[in-house]
Amino acid sequence: MKITPIRGTHDFFGQQVLKYRAIQDLISHYSRIYNFEEIITPIFESTDLFKKPLGENSDVVLKEMYTFKDKNEDLITLRPEYTTPMIRAAISNNLLEKLPKKLYGIGPMFRRERPQKGRYRQFNQINFEILGTHDVSSDIELIILANSFLQNLLPDKKINLFINSLGDKDTLSKFSSALSKYFREKKEKLSEESQNKIISNPIRILDSKDPMDVEINLNAPKISDFYSNEANEKFSNIQKILKDMSIDFSINKNLVRGLDYYCHTVFEFKTLDLGSQDTLIGGGRYDGLTKLLGGPDIPGVGWAGGIERLIMLMDDIKSLQKKIHLIIINESFREYGLKVANQLRKENINIHFDYKYNLKKSLSYANQLGVRYAIIIGEEEVQKNICTLKDLNSNVQEKKTIENIIKDLS
RNA sequence: GCGAACGUAGCUCAGUUGGUUAGAGCGCGGGCUUGUGGUGCCCGAUGUCGAGGGUUCGAAUCCCUUCGUUCGCCCCA
């Protein structure tokens, strides 16, 4: 029998769970103050849902999807990203009547890649999406939301924001053919990977790390030369407002992102602390996507954040809750001890009832757990209907009635 | 999917040119102390040397395969 988890998957326990919950809490806080509504969708969907939107030639579709045949021969895929399923759900449930629609979701995604630090086959993502507006305020609000969330969660970490604009669909197709033409002339000098992309996906050559490619990219056509007036205005608006709001960013004109549906604004928040899997949050605008999925022709913008990567950057969480270790000196006082525990729990006090009935071992155990207080119950306590309350930090202990203990601790 | 490194006790790691019964520290269990923990002292157990196969009189050590982790590429969160 296989007793290890599947490659690229992990169990969460201890600190990881505390951190995961802390992220969830913070996300739910931001969703409230930015007025986003949560949506929970199935983790598998029809394979067709992903193929077109992500791009038939994108790596995600080509080699990273977990796809299998259902018993009735339908092709099913474990969701590799959340934007597409969220929009599908919005369309399926007629949620796009009143616009804009602001949705967020948290949950597992699946991609069959080679596992690495910060890259797993099942990983958890946070997604925020705004459907139904072209207004740059929505792009900016999402960037500010991501920025505040990261600063709140990771105040001591250096995180860089990169932005770019891909222009509108027209920009993109003109730019794409200009790039193809340029790269065809330099074909021999390009890396093998990049040569394969000249026709299928020339834009992706721009973010190659190969030194020769980087050099060739220096003189490649610039996307900004292909912006429409509208796209240009949008992009400079965003930059101006981010500057006015003192949000640091840099423009990275090679930032193109891997999923086909992006246009106009794209952005990434990156860290220097995770090696090569350094994107914490990535997103952008996807104006044609909802229509492509069979919904109304409305624009959209959103981002996704990787929870595992955030967890790796977080400091350990210390519990602030007052805990009491309840120790019964021997089993004959069990009944009294359980009654005391019950009374204290009614006051919402966290009681760890110790089953060892051995004072020394129990105190040692309490100490290891880092518990502050212990209640000790033996013959004298039972006879006088009291408890001994011991502060394990100060080593001070006192005999008290249960009522006084409740007063002391609340 | 490609390239590379690594895998020894719960954890961090030693382990010589292949040699007999595989080690240390931390942690764990017991005792010094039968109603008092953290420090100290004494004692004890750590184990499929990732797994499988091969070479050899003999393998943790050499070879092959495989699984896993890490790093880079790729990709992305």
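Only heavy atoms go into these numbers, but all of them, side chains included; no hydrogens, no water, no symmetry mates.
- A ring-ring contact (aromatic ring centres under 6.0 Å, His included) check over residues 169-190 of chain A, counting only residues at least two apart or in different chains, returns the pairs A:Phe175-A:Phe226.
- Side chain A:Lys360 to base B:U34: no donor-acceptor pair is found below 3.5 Å.
- Residue side chain A:Asn330 does not reach the base of B:G35 through any donor-acceptor N/O pair under 3.5 Å, judged by distance alone.
- Across all strands shown, A:Lys117 has heavy atoms under 4.0 Å from sugar-phosphate atoms exclusively, and none from any base.
- Annotation: side chain of A:Gln343 is in contact with side chain of A:Glu403 (closest heavy-atom distance under 4.5 Å).
- As judged by a 4.0 angstrom heavy-atom cut-off over every strand, A:Ala304 is placed among residues touching the sugar-phosphate backbone only.
- Checking the phosphate oxygens (OP1, OP2) of B:C28, a side-chain nitrogen or oxygen of A:Gln368 falls inside 4.0 Å.
- Looking at heavy-atom distances under 4.0 Å, A:Glu380 makes contact with a base.
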>> Quick one, A:Phe36 with A:Phe128, criterion ring-ring contact (aromatic ring centres under 6.0 Å, His included). Give me CA distance, side-chain angles, the key distance, then yes/no.
In response: CA-CA 8 Å; A:Phe36 280 77; A:Phe128 280 85; 5.0 Å; yes

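- Using a 4.0 Å heavy-atom cutoff across all strands shown, A:Gly370 reaches no nucleic acid atom at all.
- Of the two residues near RNA chain B, A:Leu280 and A:Gly8, the one whose nearest nucleotide lies more 5' is A:Gly8.
- Each of A:Arg112 and A:Lys361 was assigned the nucleotide of RNA chain B with the nearest heavy atom; the assignment lying further toward the 5' end belongs to A:Arg112.
- Across the P atoms, B:C11 and B:G3 are found 31 Å apart, a figure rounded to whole Å.
- One atom, CG of A:Leu389, and another, C1' of B:U36, lie 14 Å apart when rounded to the nearest Å.
- The ring of A:Tyr286 has its center closer than 6.0 angstrom to the ring center of A:Tyr261.
- A:Thr279 has no side-chain polar atom (N or O) that falls below the 4.0 Å cut-off from OP1 or OP2 of B:C76.
- Stacking annotation: A:Phe123 is stacked on the base of B:A77 (ring centroids less than 5.5 angstrom apart, interplanar angle below 30 degrees).
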